[in-house]
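The structure appears below as structure tokens.
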Amino acid sequence: MNFTKDSFPVLIALQKIVDSIQSHPVTILDAPPGSGKTTALPQELLKLDIAKGKKICILEPRRIAAKNAAKRISQSIGENVGETVGYRVRFDSNTNRNTKIEFVTDGILTKNLLKDPELSEYGLIVFDEFHERRLESDLCFALTRKSQEIFRPDLKILIMSATLEGQNFLNIGISNHPIQVVTETHPLEIFHMGESKKNPFERLLDLIPKAVEQTQGDILVFLSGKKEILDLKYALELISTIKASAVVHSLYGDMNLKDQESVFLPNQNGKKKIILSTNIAESSVTIPGVRIVFDVGYFKHSIFDAEAGIAHLVKDRISLSSAKQRAGRAAREGKGTVYRLWSKEEESSFFDRTKPEILEGDLDRLVLEVKSFGEEIESLPFLDPPNKGSLLLSMERLKRLGCLDERYQLTDHGKEALEYPLPIRLGNILARLPKEKRELIADIVCILANESKGTEAKEFPKSVSISFFSQEQKMIYEQIIRIWENKKDKAITNQNGSREFYLCHGFVDRIGKRKTKEEKEYKLTNGKQAKFSTTLLEIPEYILAFDTISFGHDVYITQYLPISLEQIELCLQNQITIHQVPELRTNQREETYLVIKEERKLGELTLDTKEIQKPNPTAIQNAFERYLLDLDWEENWKQKDNLIEYYNRVQFLVQHGVIDKNISFTHLKSEAKHWLFPFLNFETQKFSLSNLPFLEAFQNYIGYENQLILNKEAPSSIQVPSGSQVQIRYSGKEPELHVKLQELFGLKELPKLARGKVPILVHLLSPARRPVQITKDLESFWNHGYHEVKKELKGRYPKHPWPDKPWEAIPTKHLHHNKRS
């Protein structure tokens, strides 16, 4: 079959595409859905030998898209799949030695890159549906670019998508502009249905039967997740009009591939198809017959908490680019109609594009794959590099699992764990599993398959039978068995190696201990709290939390295996650490003293604690050091008047450059061993915290010379004309003297502090010791302010002296005195 420009508009730009591929390492093609970029273009590029005798590899993010694209091209050239055009996806491949165009998924291309970094069989790598930005696809692109740079300058890359807005290729050195293909599309009507008191499920139950009766063509419904699909499918199939004239199909990622393929076939009885799909249908090859699209405007995705090693399932609004892709499915083959279950105004809050998975996904496998390729993540040209904090946490987790060594280099154990197409924690178990423990492989498949459905907690089955596996599970099981049986048996058999012994190794960070006997909440080794949402007859003390689900801050345990402390100790003895920690006790005399406890910990989880009855001096000293590190020094010192007053005086002179000494609480805390410990007796069995010699030790730290300066330049008190010794306060921004004004009669000024730099701020008090004036200039006060104060207070305090001439009055702290003669 000859492709035409009328049938496939992308061919209008064929010469531009060819010229760009020949001239640039990377070519970018921006072409709308239905323009022929996935089916027509590869065949034309093959005819022109653009790959120079080598194969063309086309990455399709989804298995169903890869298989369908290969089938469509093969049909168009009158061949069977697997001849000129073939595919390779998980559990299925159809190619031969003469295949020239291979459609593959990202997992297959990653495997090829790790096995053959030069990609020696290929001349052109095509990244289709590039906008999906799956984590594994981003890795494939970065590794292919690196291969091009190091090994294969002749290797060409073609990026294709219908929505490339917001992708910053210039950041990774791709400066040539995208080739734009503009086509005349079929008419598309979009209706915004606005808000409703009904939820999306109820609305669709109303709308879909009407659409079956009143519209032409098949119906595609975009829902947020698998549960929503299955619930709606069940409800629709109970409606008589649907039963009579339509058949309801599901389409989601983890369903059987053959069931997925049935969606693309016409119904043998001529019935309408209603296809309930997740966003898997956004970008796959055209689903024939679709003319109507319903879109709820939401999708579910996983956000990985790198610190906890737990994925949070969230439901979010789709992006504008997703809405555009979804709508386009209705007008692939003719006039289409789209019903959006939101208002036009709501779109102002939609993001332009969906966030790339690499920014919020699990990086564990990516880290090992990059290291297996012989590179570091920082050296690869990622369009959006992963978060550095998440990356570091992932590497720490992989080190705990034994996949990376102390220098974060890939271990032999990590290489073996990577061979299995599974989450790394499950591959980690398989890498440790000896030949005689083959039956545990069924457990691993069961852990993988039992995804969370709601928040109900379920105990992992005591035995797992392969006979109850779905077809997909059986295929996973058989694939793992093939890989596992070919491995060299380096695993060390443990005579006490129970099921729990091996499963522990995959979930080191998810071992949980019940907080109290009454509670259903657990503390996990990763430091997080998780809980059962259901009431169980028996709540185990220790568990392995295989599966969790999170909504907001709450983490629910949905699949678990009870485990004993003895099994944890047997399995992870080398990861259990012992810490001596202080605990405060108060006796009957209200004296506080230090008790030292020994904690055994696994990660952040305390397994058990015991008090050390006769701690040695070093243990007491270490515990006291930890106590000091946790102590709020400033708050503690404020509770001791003599200490804080002395500290404030020193701080005053340090601030004004009279004393040169670091007295910040941070510094004092870090250096406590040198200035405080010599004043303590660590030989005692009960180390008292009630009267720690902070003042004595701090004075010694300040030194004798500075002590003399302190007494002169920042005295604790000063004698006033009445003869009273009045305290100077140094707690504020300026030194303050609070004194009854009658005690200062005749005084012109107070001495300045800090070598004459700083005047004292005088708070003049009434006989009731309430402030009546604040001043630094006494002379001005006696001449001006005093008379106003006298007028206001003399009648209130008649027994106290209020002379007309305060300069001539005798200062007093008592009542009336005679005037000077």
Side-chain angles (χ1 to χ4, degrees), residues 625 628-680 691-741 743-744 746-765 771 773-783 785:
E625 196 170 358
L628 289 179
L629 286 173
D630 294 336
L631 184 67
D632 184 338
W633 282 45
E634 187 169 1
E635 192 59 39
N636 183 272
W637 284 28
K638 281 179 181 176
Q639 294 170 18
K640 301 171 177 63
D641 292 344
N642 290 346
L643 178 58
I644 197 63
E645 286 164 10
Y646 183 83
Y647 179 85
N648 288 338
R649 289 167 62 204
V650 177
Q651 188 179 46
F652 168 70
L653 291 187
V654 169
Q655 287 173 341
H656 289 282
V658 178
I659 289 178
D660 182 18
K661 200 81 175 172
N662 188 345
I663 62 162
S664 72
F665 285 115
T666 303
H667 177 75
L668 291 174
K669 185 182 285 194
S670 66
E671 293 294 314
K673 228 173 190 176
H674 303 294
W675 66 269
L676 177 60
F677 283 26
F679 289 81
L680 299 167
N691 295 296
L692 293 172
F694 279 122
L695 180 58
E696 183 184 359
F698 185 59
Q699 287 173 332
N700 185 69
Y701 172 74
I702 295 305
Y704 180 73
E705 295 295 332
N706 284 332
Q707 183 73 35
L708 295 176
I709 295 170
L710 183 70
N711 292 336
K712 181 181 178 186
E713 303 300 335
S716 60
S717 63
I718 189 172
Q719 189 174 41
V720 295
S722 68
S724 298
Q725 197 74 21
V726 181
Q727 181 189 7
I728 302 174
R729 302 180 187 180
Y730 293 90
S731 55
K733 290 183 179 179
E734 299 175 280
E736 298 175 6
L737 188 76
H738 294 242
V739 61
K740 198 167 77 167
L741 70 82
E743 296 197 54
L744 298 185
L747 183 65
K748 189 173 182 180
E749 65 177 358
L750 287 166
K752 291 183 178 178
L753 307 177
R755 293 184 176 151
K757 297 177 187 175
V758 184
I760 298 172
L761 188 65
V762 184
H763 289 240
L764 294 164
L765 309 178
Q773 188 79 28
I774 300 173
T775 183
K776 292 179 186 177
D777 187 350
L778 279 172
E779 185 177 5
S780 176
F781 171 73
W782 298 130
N783 289 334

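Throughout, numbering of the chain's residues begins at 1 and tracks the sequence.
- Looking at Trp633, its side chain never comes within 3.5 Å of a backbone N or O of Ser664 through a donor-acceptor pair.
- Using a 4.5 Å cut-off on side-chain heavy atoms (C-beta onward), Glu713 and His656 make no contact.
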Exercise. Take Ser716 and Arg649, measure what side chain to side chain contact (heavy atoms under 4.5 Å, CB included) needs, and give me the verdict at the end.
Key: CA-CA 8 Å; Ser716 60; Arg649 289 167 62 204; 3.8 Å; yes
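- The side chain to side chain contact (heavy atoms under 4.5 Å, CB included) with Ile718 is formed by just one residue from the set Leu753, Ile728, Val739; it is Ile728.
- Using modelled atom types, one side-chain atom of Lys669 and one backbone atom of Leu629 make a donor-acceptor pair closer than 3.5 Å.
- Put simply, the side chain of Lys673 never gets that close to the backbone of Glu625: no donor and acceptor are under 3.5 Å apart.
- Here the CZ atom belonging to Phe679 is positioned 3.5 Å from the CG atom belonging to Asn700, to the nearest 0.5 angstrom.
- Within the 6.0 Å centre-distance limit, the rings of Trp637 and Phe698 are counted as a close aromatic pair.
- Tested against Leu778 for a side chain to side chain contact (heavy atoms under 4.5 Å, CB included), the candidates Leu747, Ile760, Asn783 yield a single pass: Leu747.
- Of all heavy-atom pairs between Ile709 and Arg755, the closest is CD1-NH2, 4.1 Å.
- With hydrogens and angles ignored, the 3.5 Å screen pairs no side-chain donor or acceptor of Tyr647 with any backbone N or O of Glu634.
- Annotation: the span from Thr775 atom OG1 to Trp782 atom CH2 amounts to 10.5 Å, rounded to 0.5 Å.
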Practice problem: Evaluate the criterion side chain to side chain contact (heavy atoms under 4.5 Å, CB included) for residue pair Phe781 and Val762; output intermediate values, then yes/no. | Solution: CA-CA 11 Å; Phe781 171 73; Val762 184; over 6 Å; no
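- With values rounded to the nearest 0.5 angstrom, Asn636 atom CG is found 8.0 Å from Leu692 atom CG.
- How far CG of Leu764 is from NZ of Lys740: 12.5 Å, rounded to the nearest 0.5 Å.
- Between Leu750 and Pro759, the closest side-chain pair of non-hydrogen atoms is not below 4.5 Å.
- A side-chain donor-acceptor contact under 3.5 Å links Ser724 and Ser722.
- Residue Ile702 holds its CD1 atom at 15.5 Å from OH of Tyr704, rounded to the nearest 0.5 Å.
- Atom CD in Glu671 sits 12.0 Å away from atom CG in Leu676 (nearest 0.5 Å).
- Partner of Val650 under the side chain to side chain contact (heavy atoms under 4.5 Å, CB included) criterion, chosen from Leu653, Asn648, Val654: Val654.
- Here the two rings, on Tyr646 and Phe694, have centers that are 6.0 Å apart or farther.
- No more than 12 heavy-atom neighbours from other residues, nucleotides or ligands sit within 6.0 angstrom of CG on Asp660.
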